[in-house]
Each structure stands twice: as C-alpha cells, then as structure tokens.
Amino acid sequence: MSKKALYDSRVKLFSDVMSNKIPERVPLWPFVETWVFHYANISVKDAFLKDNNLLFNAYKKFYDDIPVDALASFSNTVPFKMSENFGEGGIYTVNDQGVQIIGSHGKMMDGEELPELAKDVKAFFANVIAPRKFPKLDQSLEKNVDLIKRSLADLKAWGEYNGEVVQRWANDGMPLMIKATNYNPMDVVLDYLRDFVGISSDIRRRPTDLFAACEVIYDYVIELFLDMGTPADNKFLFSPLHVPTFMRPKDFEKLYFPFMKKYIEDFAVTRGYNLHFFMENDWMPYLDILQDLPETSKVVGLFELGDLKAIKEKMKGRMVFQGGLSANALKYYTLDQVRDNIKKTFDDLAPGGGFIYGTDFSLMNLNDGKPENLIEAFTFAKEYGKY
Amino acid sequence: MDHKFMDALDVVKEDLIKEGMATAQAEALIRKVIWILVCRL
C-alpha cells in the first residue's frame, strides 16, 4: 500500500465514525505527547528548538513501533524562542526531559477587574495583562516595537518548523488529526487569568461579571480561529475542558455549559467542523445536563473516568466516545491483563460504532506507560477491533 | 510604562500594512500576538 493510500485509509476510519458509519475497525488514537521523546531517547529541548528532524524521528519511532492510526499532538505547542524575547514572566520552560511550568502565574488579575475586561478584552489583555505578566515591557515604545517584530519572526519560524514535520508525517502515511485548539472561555479564566482560587470565588461571588467576561473572551477566541481561515475537513478542533468537574453541576449548567453548547452549535452544527473535547476527570454528575447539547455526530468526547459504558450509551447521538485505555493498564498490567482489558472494553464500547480507542490521559513521561504494554494494547486492539 | 502596549502593537500593525500585508491579515496577526502573550507563553 502506498503512503498516500495508507494515510487515506487511516483518515477514513475517523471520517466513517464521524459520519455515523461503522468503520472497518475501531480507530486507534492515543494521546501521547513527550512520552515519545523519552521512548526514542531524544532530548525534548533539542527536538523543540534545535532540529526538527528530531521531532519527526521521535514520533516516527513511536508510530513505527506501535500501530496507531493517527497522532493527536506534535507536542511543540509553546513558541519558546518567541517567549525568550519577553524575559521573565512566561509560564513555561523546556529542558531535555520535557515542558515545565515555572511557579504559579495563573492569577494575573483580580475579580474586581472582570468588568474592565468585559468592556474591551483586546485592550485589557494588551494594556493590562501583558505588561503585568512581562515586566520587560516597561521600556520605550520604540524598543517594544522592535521586540514585537523580533517575536513575529520567531513565531513564523516556529510555525514553519512544526509545519514541515506535520507534512513529513503525512507523507509517511501518518495523519495528525488535531489541527487547532480552541478554549472554552471559562478555562481561559482558570488557566491564565484568575487561577483556581480566584475563579472559585468568582463563581460564588460575582457570577454575572464572570459570565460577561466569558462572553467577550468567547468572541475573541472564535475570531482568532476564524482569522486563520481553517477549512472544515476530517481533522479536529481540540478543546481541553479543565474547570467543569470542579464546579457544582448547577454552576456548570449556568456558567460553563452555555459556551460549550454555543461552540458546538456554531462550529459543528453550523460550520461542519469536527470537534474534540478532552473531558477531564469524572463527568458522571454532569451527563444529564449534557443531554441538552445538540444532536450531532461531529463531536468526540475523550472521557477519563466514570462508568464508560454508561457514558457512551447516555451520550449516544451527541458525542462519539473516545478512551478506554487507562493509566493503570499501561503502568501495572501484565500483557495478559492488557488483552483481557481490551476484550472487555471493546465488548462494552465498540458495538454500534461511535467509538475511538485510546488512552484516557496524555502520556508525558516514560513511567506514564510501559512501552511493552502500549505495543501490546494497540497490536491486539487492531485485530480485536475489526467490525 | 510611558505608553500603552497597544500603541506599540499598532505601530507594528501599520508597518506590516506599509510593507504590503492586507489590513485584515495584519489585524489578525496582532490579535494572535496578544493572545499568545496572555494565554500561551
């Protein structure tokens, strides 16, 4: 089979699932990030910054050894060289072992500032948050102009560095199925503006201000995506859902769910994009609320915890189920146990289609999953998952 | 800080347009830079 035919056959597994068809077999799509560099004995820092052959080769070794149908991420999602221009203040750093978070920079504003953000999010981000986050911006206008221009050049180079690799994987028959990330506005507030304590307080004390801020952030996120002119095709727009399972269901229904529903209506229903939600933690208490999502086959939910069979059944018609391979199975199971686990998982989740097999978490370090268990899981699943 | 950071971004945007970039594209690029500063770096 040619590489082109191989690529097309892999993508077809997903397009069948997303069109309510039964594919030839269950698609195999684990979320594996910096684990691949440890497995290939390649420095993460060198792969991200020095030589994109290393980035290509690390994932190639992974998919040559482990029979998956697609990649989920290229891992190199932070433009570190661009970040260096701005000095101290960045959240992330990278070393040979992986990406690290530096300290706690999630709280960049007070709750009392939410109305100011809601008035003009672009101006608030540029004039208030950016200088607060990066002290180096306290310099002359001319120096900041030069700084921005250098950053733009680094941003362009980073895009080309990654783009070459994604194209090489495609030429090698391996699709990267996620092509953009869009955040729910409440997750933006949690991750980058108010942190956990702050947003928990906002939910209780100023829900109206929080909702108004989220409305303008939603518009900003969507405008950013539409700016790119990305066409709707078989690839996915990814959203990691961070804050919901830390909310009481009634708060989730009032503050988070409206943006989730609107996003599905705007992008899956109206524009035809495939959407992918990484449903972190346990969503069992929220499944009744999710019944008010639009009926569509264009949304995948990757579920981490809970009664997987019950989740799949309850979300049928609204979300394709992804997951089934747990951290425990990858870390601790014998190979016999891995196979037994796959038989039960597929017997529960594969009938009727609407199922993508993969890890229920992102593998970052080598101890997140034994290589022999990953190899066995996907080798066995490729046979057992035939319809 | 003796200026608003948006002023510096606007100067860059105008320079990009002078260099031939379409206005909408330059505005989109500035929106992206702001987003990356706050929510990616």
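Note on naming: letters A, B, ... go to the chains in the order of the sequence lines (proteins, then strands), and numbering restarts at 1 for each one.
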I'd like to know which of B:E27, B:R40, B:M6, B:R31 tops the heavy-atom pair count under 4.5 Å against chain A.
B:R31
Contacts of type side-chain contact (heavy atoms from CB on, under 4.5 Å), residue A:L176, not counting sequence neighbours
A:L71, A:F74, A:V166
Below 30° counts as parallel, above 60° as perpendicular, anything between as tilted: where do the rings of A:F225 and A:F267 land?
perpendicular
Selection from A:Y220, A:F134, A:F86 maximising heavy-atom pairs under 4.5 Å formed with chain B
A:Y220
Go through the atoms of A:L224 and report whether side chain, backbone, both or neither lie under 4.5 Å from a heavy atom of chain B.
side chain
Looking at B:K18 and B:E14, does any basic side-chain N land under 4.0 Å from a carboxylate oxygen?
no
Residue, of A:V78, A:I148, A:V128, that accumulates the most heavy atom pairs under 4.5 Å with chain B:
A:I148
Angle between ring planes, A:F238 versus A:F31, binned at 30° and 60°: parallel, tilted or perpendicular?
tilted
Within residues 15-41 of chain B or reaching into it, pairs that qualify as ring-ring contact (aromatic ring centres under 6.0 Å, His included) - sequence neighbours excluded:
none
Can you tell me which portion of B:D10 sits under 4.5 Å from chain A's heavy atoms? Options are side chain, backbone, both or neither.
neither
Part of A:L152 within contact of chain B (heavy atom distance under 4.5 Å):
side chain
Output, in order, the C-alpha distance, side-chain angles, deciding distance and verdict of side chain to side chain contact (heavy atoms under 4.5 Å, CB included) for A:V189 and A:L210.
CA-CA 9 Å; A:V189 175; A:L210 178 60; 4.0 Å; yes
What part of A:E142 gets closer than 4.5 Å to chain B, counting heavy atoms only: side chain, backbone, both or neither?
neither
Using non-hydrogen atoms and a 4.5 Å limit, figure out which bit of A:L155 sits close to chain B: side chain, backbone, both or neither.
side chain
Sort out for me which of A:T77, A:D138, A:V121, A:L141 touches chain B most, counting heavy-atom pairs under 4.5 Å.
A:L141
Between A:D227 and B:K32 (salt bridge meaning N to carboxylate O under 4.0 Å), is one present in this structure?
no
At a heavy-atom separation under 4.5 Å, does A:V145 approach chain B through its side chain, its backbone, both, or neither?
both
Would you indicate whether A:E88, at its atom CD, is surrounded by more than 12 heavy atoms from other residues, nucleotides or ligands within a distance under 6.0 Å?
no
Heavy-atom distance under 4.5 Å to chain B: side chain of A:F80, backbone, both or neither?
neither
